[in-house]
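Working notes, beginning with the structure itself.
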Amino acid sequence: MGRWEPNARGRLAKAALELYGELGYEQTTVAEIAKRAGLTERTFFRHYADKREVLFDGSGALQELFATAVAEAPKSVAPIDAMMAGLEAVSTVFEGRREHARQRQAVIVANAELQERELIKLASMSTALADTLRRRGVEEPAASLTAEVGVAVFKIGFTLWLTAPDEREMSQVMRESLAGLKTVTARD
């Protein structure tokens with residue numbers, strides 16, 4: 001058995017995503033994931049609380065990256081432009097990972113429980129971003145509105161990036177999505 005090979009966490013994540021695609025999320029067991037990865041169930045539970053968490057591993061780091069980039073944006077920029085700095089930073093995480101992101105998203109879209117977990121992740125991200133904006137001196141309700149807009153642009157931009165027939169970078173899609181939003185909210 002290959003349990004002594006390195007990168008157990010990565011092997012488990014790869015095995016889980018493969019099995020979720022082949023069998024479906026609900027039909028896949030932790031035992032099957034561990035077996036496919038050449039590991040034990042015990043090893044699986046050392047790395048993940050449950051099979052759902054395999055899909056959401058890294059969410060906290062993504063949120064932290066987003067909030068940090070917003071916090072570190074030049075103080076002279078408008079809140080929405082600070083949000084764009086966050087979107088740019090988050091986009092770097094997905095470079096070269098489009099196919100993995102597509103597979104993950106297909107699993108989430110096919111399962112209501114996972115969709116709910118994804119929405120909770122996005123709500124948490126919005127709260128963290130609003131807190132960051134308030135620390136930058138943005139008052140309410142502008143801080144919460146801007147955070148919600150940032151998360152909406154991320155969500156829509158991410159979907160557009162996954163489904164785009166071309167290979168545009170995610171950061172470009174995010175910039176285009178935010179520009180589109182600015183266009184519909186601009187005065188004539």
Side-chain angles (χ1 to χ4, degrees), residues 1-71 83 86-87 89-132 144 147-164 170 173-174:
M1 204 175 222
R3 76 175 130 235
W4 304 112
E5 294 175 25
N7 194 20
R9 188 177 193 86
R11 290 171 33 220
L12 287 164
K14 182 178 185 281
L17 194 56
E18 288 171 358
L19 286 166
Y20 296 161
E22 294 168 17
L23 307 175
Y25 170 78
E26 291 178 348
Q27 292 74 29
T28 301
T29 66
V30 168
E32 290 167 324
I33 295 168
K35 182 177 179 183
R36 170 81 59 102
L39 298 162
T40 65
E41 284 183 70
R42 185 175 178 173
T43 300
F44 178 93
F45 287 114
R46 269 190 245 134
H47 293 280
Y48 299 104
D50 58 40
K51 67 180 189 172
R52 177 183 63 172
E53 290 308 309
V54 173
L55 295 167
F56 297 96
D57 188 34
S59 295
L62 188 70
Q63 178 177 301
E64 176 83 20
L65 176 64
F66 202 159
T68 298
V70 169
M83 196 59 55
L87 291 165
V90 167
S91 294
T92 64
V93 171
F94 295 95
E95 289 175 5
R97 299 195 55 171
R98 188 186 311 248
E99 190 51 41
H100 176 269
R102 282 180 177 147
Q103 292 171 356
R104 177 189 173 276
Q105 197 64 17
V107 172
I108 290 170
V109 167
N111 183 284
E113 174 190 346
L114 297 175
Q115 289 174 35
E116 180 180 6
R117 176 66 174 84
E118 182 82 349
L119 291 172
I120 291 168
K121 178 188 87 172
L122 293 173
S124 175
M125 187 178 287
S126 179
T127 299
L129 292 169
D131 289 344
T132 300
S144 292
E148 289 290 333
V149 165
V151 169
V153 169
F154 172 73
K155 183 179 172 196
I156 300 300
F158 184 75
T159 300
L160 290 172
W161 176 70
L162 289 180
T163 59
M170 185 176 176
V173 176
M174 292 296 170

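Quick caveat: nothing in here was measured; it's all calculated off a predicted structure.
- Between A37 and L12 the shortest heavy-atom distance is CB-CD2, 3.8 Å.
- Here the closest heavy-atom approach between residue S59 and residue K121 is recorded as OG-CD, 3.1 Å.
- Remark: K51 does not engage E32 in a salt bridge, criterion side-chain N to carboxylate O under 4.0 Å.
- Figure legend: R104 and Y20 shown without cation-pi pairing, the cationic atom not lying both under 6.0 angstrom from the six-membered ring centre and within 45 degrees of its axis.
- Here the rule is side-chain hydrogen bond (donor to acceptor under 3.5 Å, both in side chains) with R97, and of H100, E95, E99 only H100 fits it.
- M83 and A147 get closest at one heavy-atom pair: CE-CA, 3.9 Å.
- The CZ atom of R52 lies 13.0 Å from the CG atom of D57; values are rounded to the nearest 0.5 Å.
- Considering every non-hydrogen atom in both A16 and V54, the closest pair reads CB-CG1, 3.6 Å.
- Distance CZ/R46 to CG/L39: 9.0 Å, rounded to 0.5 Å.
- Residues L129 and F66 come closest through the heavy atom pair CD2-CD2, 3.6 Å.
- Note that the NZ atom of K14 and the CG atom of L19 stand 10.5 Å from one another [nearest 0.5 Å].
- Between F56 and L114 the shortest side-chain heavy-atom distance falls below 4.5 Å.
- The closest donor-acceptor contact from the side chain of R36 to the backbone of A15 lies at 3.5 Å or more, if one exists at all.
- Under the 3.5 Å distance criterion, the side-chain polar atoms of R98 are matched with a main-chain donor or acceptor of W161.
- There is a side-chain donor-acceptor pair under 3.5 Å between T40 and T43.
- Rounding to the nearest 0.5 angstrom, the gap separating the CD atom in E148 from the CE atom in M125 is 11.5 Å.
- Between L23 atom CG and T28 atom OG1 the span is 4.5 Å, to the nearest 0.5 Å.
- Using a 4.5 Å cut-off on side-chain heavy atoms (C-beta onward), F154 and L62 make contact.
- In terms of heavy atoms, A164 sits closest to R102 at O-NH2, 3.4 Å.
- Here the side chains of T132 and T68 are not in contact, with every heavy-atom distance at 4.5 Å or above.
- Residue E113 places its CD atom among more than 12 non-hydrogen atoms of other residues, nucleotides or ligands, all under 6.0 Å distant.
- Between R117 and E53 there is a salt bridge, since a side-chain N of the basic residue sits under 4.0 Å from a carboxylate O of the acidic one.
- Here the CZ atom belonging to F158 is positioned 13.0 Å from the CG atom belonging to L87, to the nearest 0.5 angstrom.
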